[in-house]
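Values in this document were obtained by computation on a predicted structure and should not be read as measured data. Every chain is numbered from 1, with letters handed out A, B, ... down the list of sequences.
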Amino acid sequence: MLHLTFDVKIERPRGTRDFLPDEMEKRRAIERVMRRIAESYGYREVLTPTFEHLELFTIKSGEGIVEEIYAFKDKGGRDLALRPELTAPVMRMFVNECTGMPKPLRFYYFANCFRYERPQRGRYREFWQFGVELIGSNSYLADVEVISLSYEIMKTLKLKFDLHIGHVGLLRHVLRDLDEKKAERIMRLIDKKDVENLDRFLDEIGRTELKDVIYTLMELVGGLDVLDEAKEIVRDFDFSYIERVAQTLESLDVEFKVDLGIARGLDYYTGIVFEAYAEGLGAQNQICGGGSYRLAHLFGGEDTPATGFALGFDRIAEICEIDVERPKKVVVVSFKGLEIEAWRIANMLRDKAVVVTDVMERSVKRQLSYANDIDADYAVIVGERELKEGKVTIKNLRTMEQRTVKMEELLSEL
RNA sequence: GCCCGGAUAGCUCAGGGGUAGAGCGCAGGACUGUGGAUCCUGUCGUCCCGGGUUCGAGUCCCGGUCCGGGCCCCA
C-alpha cells in the first residue's frame, strides 16, 4: 500500500466521465437490449480502430471539420484522428475488406467516439454510439428495415420520442440550380429552422421566389397527407420512393411523422433521412439520426448504396428507466480461524450467485453489517458448532429468517 | 469564439473580514456467535492558483486556471 500524496490532484480531462458500478450496470443493461434486437435482425458486430487517418473524416466533410476532431500527428508524422463517428470507418472497412461478401451486409457497432467541442448537457468529448449499417441495397425495403429496427430499439427501451422521416432529395431538387456552397448554407439554415437568417440569405442572393416553396416544405410535418400537399408545391419531384417507405412503415405500425424539413448537417445523405428526438434532455435532444447515403466510392470502392443509423447512447442512458436485473448476492461470513472453510463454501456457491467473503479480518458483526451495506440477499454463516455437524447457517437478509442446513442442501436454499 | 453560474473534508454543501464547519460516508468501539436502530471515538482540509487591499483575507479587489449550464457548431 502506498501512502504517498501528491500536491496535484489529477482530474478527468474535460468532457469525459467516470462511470461507477451502478451506472455501468444500467448502461450494460441498455446495451444488451440494443445488441439483442440488432442481432435478431441478422446484424453482426464489427469494430474498427479507435483512431484512423484524418483524411477519412475530411474527405466527406471538408477541412473545417478538423476543428471539431481530436486530430494529432503520431511519431511518424502521420495525420491521425480519434474517430468522431463510425459510419465512415465502417464504410472504409467495407471497401478494404468486405466487398466480396454476400450482399446485403448487416453490421452493427457499439463504440466510443470523440469530438473536440464545448461540453454541455448530453454532449461530451468522449461519447458512445450504437449504430447499424445495411450495405448493398438501394431498395426502399432497406430503409424500412433500418428505420423499423431503430424504432423497435427505442420502443423496447420505453423511450418517449418523436420519429421524423424525410427525404433530402426533395430539398436538393428545389435547390438544384444553386451552386453547392449556397445550397449547403441554405440546407444548414433549414436544418436549424433559422427562418430569420434564411430570409435574409435568400434576399441576398436574389432568390426570393424560393421562399414560398422552402418555407412551406419546412412546415410540412405530419401524417402521410403531408406528401400530397408537397406534391402540389413541387410538381416535378418523384415522391414515389418516400411514399412507399412511409406507407410500408405505417402498415408495420411504426409511428412517425413525415418531416420534409429534415436537412441533416451531413452532406453524404442521398435519400431517406430520419431523426428521433426525446423529451427531458434540454438542448441536445436528438437521440437517433440516420438515412441512406453514398460513401464507398469516396474511399476508393465501387459506388455502393447503404443505409444506417446511430443512436446517442449517453443521451439514451440519461433518460432511460430500465430495470437492472441483479444476480443474487451472498456474503459468506466466517468466525475467526474458519477463513479457509469460508473460501471453500464460497467457491462452491459461485456457480449460482455472486459470492463475497471477508478480506479485512473483521468481526462477524462487522461482516454482517457489510453484507447489509452492499445490499446482499443472503449471509452464509460459517461457525465451529455447525461445521462439526457438516452444517452452515443461511440467513435471508431481507426477511431475517435463518436456518441451519447441511452443506449439500445449501445450493438449493438460494 | 460569446453569455451566465461555480470551485471549502472522500461526497453534498454552509460560512461574505477575526481560531475551518455541518450532514452523509469511511474505519473502529459500546456488543469477542449474528446486519439495518442508537450512542461514542477516530479519519478528513495548501478553503482552485497568483497578485493586491488590510493589523488580519475562504471571505473584499484584480488577473488567471479549471468545471458546469446556455449559445455557436454538430458527422
In whole angstrom, give me the gap between the [atom1] atoms of [N] and [M].
| N | M | atom1 | value |
| --- | --- | --- | --- |
| C13(B) | G52(B) | P | 33 Å |
| G45(B) | C2(B) | P | 38 Å |
| U34(B) | G23(B) | P | 30 Å |
| G28(B) | G68(B) | P | 35 Å |
| C47(B) | G16(B) | C1' | 13 Å |
| C44(B) | G21(B) | C1' | 13 Å |
| G6(B) | C49(B) | C1' | 16 Å |
| U8(B) | C55(B) | P | 30 Å |

Rounded to the nearest Å, what distance is computed from the [atom1] atom of residue [X] to the [atom2] atom of nucleotide [N]?
| X | N | atom1 | atom2 | answer |
| --- | --- | --- | --- | --- |
| K391(A) | U34(B) | NZ | P | 20 Å |
| L387(A) | G33(B) | CG | P | 16 Å |
| F130(A) | A75(B) | CZ | P | 21 Å |
| E85(A) | A75(B) | CD | P | 10 Å |
| E401(A) | U34(B) | CD | C1' | 16 Å |
| D358(A) | G35(B) | CG | C1' | 14 Å |
| E361(A) | G28(B) | CD | P | 11 Å |
| M360(A) | A27(B) | CE | C1' | 7 Å |

Decide, yes or no, whether a salt bridge links [X] with [Y] under the criterion of side-chain N to carboxylate O below 4.0 Å.
| X | Y | value |
| --- | --- | --- |
| R326(A) | D22(A) | yes |
| E152(A) | K155(A) | no |
| R35(A) | E45(A) | yes |
| R398(A) | D375(A) | yes |
| D143(A) | R244(A) | no |

Give [X] one of three labels, base, sugar-phosphate or nothing, depending on what nucleic acid heavy atoms sit under 4.0 Å from its own.
| X | value |
| --- | --- |
| Q129(A) | nothing |
| R366(A) | base |
| K395(A) | base |

(request) Over all heavy atoms of both residues, which pair between E413(A) and Y378(A) is shortest? Give the atoms and the distance, please. (result)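 Result for this residue pair: O-OH, 4.1 Å.
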
(message) From C-beta outward on E384(A), which listed nucleotide comes closest to its side chain: A75(B), G33(B), G35(B)?
(response)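 Minimum distance to the E384(A) side chain belongs to G33(B).
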
(request) Return the nearest nucleotide to the side chain of T393(A); candidates are U34(B), G28(B), G35(B). (result)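 Minimum distance to the T393(A) side chain belongs to U34(B).
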
(request) Just label G58(B) as syn or anti from its O4'-C1'-N9-C4 or O4'-C1'-N1-C2 angle, using within 90° of 0 for syn. (result)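 With its glycosidic angle within 90° of zero, G58(B) counts as syn.
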
(message) Using O4'-C1'-N9-C4 for purines and O4'-C1'-N1-C2 for pyrimidines, with syn meaning within 90° of 0, is G6(B) syn or anti?
(response)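 The base of G6(B) is oriented anti (glycosidic angle more than 90° from 0).
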
Using atom names, set out every protein N or O paired with an N or O of nucleotides 39-43 of chain B below 3.5 Å, distance rounded to 0.1 Å.
none

(request) For nucleotides 64-73 of chain B, just jot down a letter per nucleotide in 5' to 3' order: B, S or -, based on protein non-hydrogen atoms under 4.0 Å. (result) ---SBBBBBB

(request) Please step through side-chain hydrogen bond (donor to acceptor under 3.5 Å, both in side chains) for the pair E126(A) and Y70(A), ending with a clear verdict. (result) CA-CA 10 Å; E126(A) 183 187 25; Y70(A) 272 95; over 6 Å; no

(message) Apply side-chain hydrogen bond (donor to acceptor under 3.5 Å, both in side chains) to residues E85(A) and Q129(A) and explain how you reach the verdict.
(response) CA-CA 8 Å; E85(A) 51 114 19; Q129(A) 284 196 338; over 6 Å; no

(message) Would you say that R14(A) contacts R118(A) through its side chain, given a criterion of any heavy-atom pair below 4.5 Å between the two side chains?
(response)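 Yes, their side chains come closer than 4.5 Å.
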
(message) Whether K365(A) contacts C31(B) is assessed here as follows: a side-chain N or O lying under 4.0 Å from the phosphate OP1 or OP2. Is that the case?
(response)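 K365(A) to C31(B) OP1/OP2: no side-chain N or O under 4.0 Å.
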
(request) Treat a base pair as Watson-Crick or G-U wobble with both distances under 3.5 Å, then lay out RNA chain B in dot-bracket form, 5' to 3', with | for cross-strand pairs. (result) ((((((((.[[[[.)..(..]]]]((((((.......))))))....[[[[[..)....]]]]])))))))....

(request) Verify whether the ring centers belonging to Y269(A) and F274(A) lie closer than 6.0 Å. (result)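 Not close enough - the centres of the two rings lie 6.0 Å or further apart.
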
(message) When you compare the side chains of N347(A) and R350(A), does any donor N or O come within less than 3.5 Å of an acceptor on the partner?
(response)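 Per modelled atom types, N347(A) and R350(A) side chains form a pair under 3.5 Å.
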
(message) Looking at F114(A), I'd like to know if the NZ or CZ of R125(A) sits under 6.0 Å from its six-membered ring centre while staying within 45 degrees of the ring's axis.
(response)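 No, cation not above the ring by the 6.0 Å, 45° rule.
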
(message) Just verifying a value: how many Å separate I381(A) CD1 and K391(A) NZ, rounded to the nearest 0.5 Å?
(response)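 It comes to 15.0 Å.
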
(request) Would you sort out whether Y370(A) and D358(A) count as a side-chain hydrogen bond (donor to acceptor under 3.5 Å, both in side chains), showing the intermediate values? (result) CA-CA 9 Å; Y370(A) 177 71; D358(A) 171 60; over 6 Å; no

(request) Identify, between Q402(A) and S363(A), the residue whose nearest nucleotide on RNA chain B lies closer to the 5' end. (result)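 Here S363(A) is the residue nearer the 5' end.
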
